[in-house]
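Beneath this line is the structure, given in structure tokens, with notes to follow.
A note on names: the letters A, B, ... follow the listed sequences, proteins ahead of strands, and every chain is numbered from 1.
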Protein chains: 2
Amino acid sequence: MDKEIIYDIRQFNRFYTRLLSVFNNQILDIDYSLIEARILFEISERTECIANNLVQELNIDRSYMSRILRKLEREELIEKKSTIMDSRKNFLYLTKKGEELLDKINIQSDEQIKQLFNGLTDSEINEIRISMMIIKEKLEKNKVRGEANEHNNGKINNT
Amino acid sequence: MDKEIIYDIRQFNRFYTRLLSVFNNQILDIDYSLIEARILFEISERTECIANNLVQELNIDRSYMSRILRKLEREELIEKKSTIMDSRKNFLYLTKKGEELLDKINIQSDEQIKQLFNGLTDSEINEIRISMMIIKEKLEKNKVRGEANEHNNGKINNT
DNA sequence: TCCTTTAGTTGACTTTGTCCACATTATATT
DNA sequence: AATATAATGTGGACAAAGTCAACTAAAGGA
């Protein structure tokens, strides 16, 4: 693989790391961290979501997740409901309050995107969008292939 | 701006956040954190680099930066040299040891990229690269325009 | 049955990051 | 020049984020 291509990709990664860090620090508007917001989001997107799903999706430690979920439960943003089939697992649900918070976060996040793109023409915006979809599709396809080949049991270190 | 476009962009952001987090956690191979690696990188890229440049580029707290730089100095990865014109500032340089470490980090980072793209065809890789460059160019151009218009003194919260 | 795996929790700890007050020097204002 | 204001960096005290290892308990096999 060409040195120059690697250079460009790493440059993009630095650029996007910075952009995301600015975005993420803004979530502080509300009294919850990015990771908490993300957990609420994932719970709302999934059916029969369990803690371990989140551990894998978000790539964070089990014990840490356990604590965050406990906090969210204490603050009545989520509820744990024990399952019948497997009593180790708890299904996670947003409470009314949790949903309301997530709505608020979503509105803010949409607003961030609008600000970021503010000033660009529709066709520029669409170019960016298409570019993002290309990156995501290609890399995801590749990841899936990689996992199928290498048979790495749950280790995510070689994405 | 269209709901659907915003959706796609946020989806990309989640996807890329995850990817970068996996990448960044791998830097732990070496005994230095991502931010330290990034600081070494920035110092090597710049001429007459001062702490405050890094504070702004990396968007982190002044006091935190001060401590990191002190640590890097203690470990003899960087040197501070006082400037003549402005005795508040210190120019930062990598030591031999710092350069060697950065070389090692660079090799590892290149390797990460190669792994990530491993299995894709040359034309796919190039599509991704072009996509990245489009995103970066458009968003950077926009940011510069925004700053010129809004005259926000150093606040980075509206990237 | 016994062994292994999976899910989650807890304690103890480290690392990372933030806030505020401060010292020093430079720059702008009058 | 004198004074105010801004920029650069440091240190203390603290809070938040994240890690590691040991553990319980249930599930899923051989």
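- For the salt bridge (charged side-chain N to carboxylate O under 4.0 Å, His left out) test, no residue two or more places apart in sequence or in another chain qualifies with B:Asp2.
- For A:Glu73, the salt bridge (charged side-chain N to carboxylate O under 4.0 Å, His left out) partners are A:Lys80, not counting sequence neighbours.
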Worksheet entry | Under 4.0 Å protein heavy-atom contact, by nucleotide of nucleotides 6-14 of chain D - B base, S sugar-phosphate only | -BSBBBBB-
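- Protein atom CG of B:Leu34 is 14 Å distant from nucleotide atom C1' of C:dG17, rounded to whole Å.
- Atom CG in A:Leu58 sits about 15 Å away from atom C1' in D:dA17, given to the nearest Å.
- Under the salt bridge (charged side-chain N to carboxylate O under 4.0 Å, His left out) criterion, B:Arg46 pairs with B:Glu42, B:Glu57, not counting sequence neighbours.
- Atom CD of B:Glu36 is separated from atom C1' of C:dT15 by 10 Å (rounded to the nearest Å).
- Between the two ends of the helix from C:dC2-D:dG29 to C:dT30-D:dA1, each summarised by a five-pair axis, the helix axis turns through 30° (rounded to 10 degrees).
- When hydrophobic residues (I, L, V, M, F, W, Y) are linked wherever their side-chain heavy atoms come within less than 4.5 Å, A:Tyr7 remains an isolated member.
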What pairs of nitrogen or oxygen atoms, one from the protein and one from nucleotides 3-5 of chain D, lie under 3.5 Å apart?
none

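- Atom pair A:Leu54:CG and C:dA7:P shows a separation of 12 Å (rounding to whole Å applied).
- Applying the side-chain hydrogen bond (donor to acceptor under 3.5 Å, both in side chains) test to pairs two or more places apart or on separate chains, those with a residue in residues 93-107 of chain B are A:Arg10-B:Asn106.
- The CD1-C1' distance, from A:Ile78 to C:dG8, rounds to 13 Å in whole Å.
- At whole-Å resolution of the value, CG in A:Asn25 and P in C:dT16 are 16 Å apart.
- Although no hydrogens or angles enter the test, the distance criterion places a donor-acceptor pair under 3.5 Å between the side chain of A:Thr17 and the main chain of A:Asn13.
- Scanning for side-chain contact (heavy atoms from CB on, under 4.5 Å) contacts around B:Glu36 gives B:Tyr32, B:Ser33, B:Ile68, B:Lys71, B:Leu72, with sequence neighbours left out.
- Taking B:Arg67 as the reference, nothing meets the salt bridge (charged side-chain N to carboxylate O under 4.0 Å, His left out) condition, with sequence neighbours excluded.
- The NZ atom of A:Lys81 sits 21 Å away from the P atom of C:dA7 (whole-angstrom rounding).
- Listed by chain and number, the residues in a ring pair (Phe, Tyr, Trp, His ring centres under 6.0 Å) with B:Phe41 amount to none (sequence neighbours excluded).
- At least one donor-acceptor pair under 3.5 Å links the side chain of A:Asn142 to the backbone N or O of B:Leu116.
- Protein atom CD1 of B:Ile84 is 16 Å distant from nucleotide atom C1' of C:dA26, rounded to whole Å.
- Side-chain heavy-atom separations under 4.5 angstrom define the hydrophobic clusters, and A:Ile84 shares its cluster with no other residue.
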